[in-house]
Amino acid sequence: MENPMVKCSIANCEYWEQGNNCSAEVIMIEVNAHADKSEPQTRHGQAYDSEHRDEAEGVADTCCHTFTERTH
């Protein structure tokens with residue numbers, strides 16, 4: 001399966017690339033209520049969860065757990 005096009009406007013994220021593209025190999029999106037939750041699995045240093053499920057009220061109720069602040 002080819003990776004989907006993922007767009008992101010958070011320019012200070014480590015995975016942000018020119019054209020608002022996300023270069024992360026794993027993208028974990030969670031509900032805001034679990035913003036501080038640590039994920040049990042990793043791939044190339046990126047955390048994710050293949051088992052946990054939630055329901056969001058709408059787009060404003062979600063957050064990207066893949067965000068890592070750019071250090072350079």
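What you see below is based on every heavy atom in this structure, not just the backbone, and it leaves out hydrogens, waters and symmetry mates. Quick note: residue numbers are just sequence positions, from 1. Computed from a predicted model, the values in this text were never measured in an experiment.
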Indicate yes or no: at least one non-hydrogen side-chain atom of [X] is less than 4.5 angstrom from one of [Y].
X	Y	answer
D49	P40	yes
Y15	T68	yes
N21	C8	no

What distance do [X] atom [atom1] and [Y] atom [atom2] have between them, rounded to the nearest 0.5 Å?
X	Y	atom1	atom2	result
C13	E69	SG	CD	9.5 Å
K7	N20	NZ	CG	6.5 Å
E14	T66	CD	OG1	12.5 Å
C63	E30	SG	CD	6.5 Å

Considering all heavy atoms of both residues, which atom of [X] and which atom of [Y] are nearest to each other, and what is their separation?
X	Y	value
A56	T62	CB-CG2, 3.8 Å
M28	A47	CB-O, 3.7 Å
A11	R70	O-NE, 3.6 Å

Donor on one side chain, acceptor on other, W16 and N12, under 3.5 Å
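Distance-only check fails for W16 and N12.
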Is it the case that the side chains of N32 and H34 hold a donor-acceptor pair, with the cut-off being a distance below 3.5 Å and no angle test?
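No.
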Indicate if I29 and V6 have the same hydrophobic cluster label, given that clusters are the connected sets of ILVMFWY residues with side-chain heavy-atom separations under 4.5 angstrom.
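Same hydrophobic cluster.
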With distance as the sole test, does K37 use its side chain to make a donor-acceptor pair with the main-chain N or O of H65 at under 3.5 Å?
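No: the side chain of K37 does not pair with the backbone of H65.
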Derivation and outcome, side chain to side chain contact (heavy atoms under 4.5 Å, CB included), residues H44 and V26:
CA-CA 8 Å; H44 302 282; V26 175; over 6 Å; no
Which is it for Y48 and T42 under the side chain to side chain contact (heavy atoms under 4.5 Å, CB included) test, yes or no, and what are the steps along the way?
CA-CA 6 Å; Y48 67 97; T42 61; 5.6 Å; no
Using the test salt bridge (Lys or Arg N to Asp or Glu O under 4.0 Å), find all partners of E25 that sit at least two apart in sequence or belong to another chain.
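For E25 the salt bridge (Lys or Arg N to Asp or Glu O under 4.0 Å) partners, ignoring immediate neighbours, are R43.
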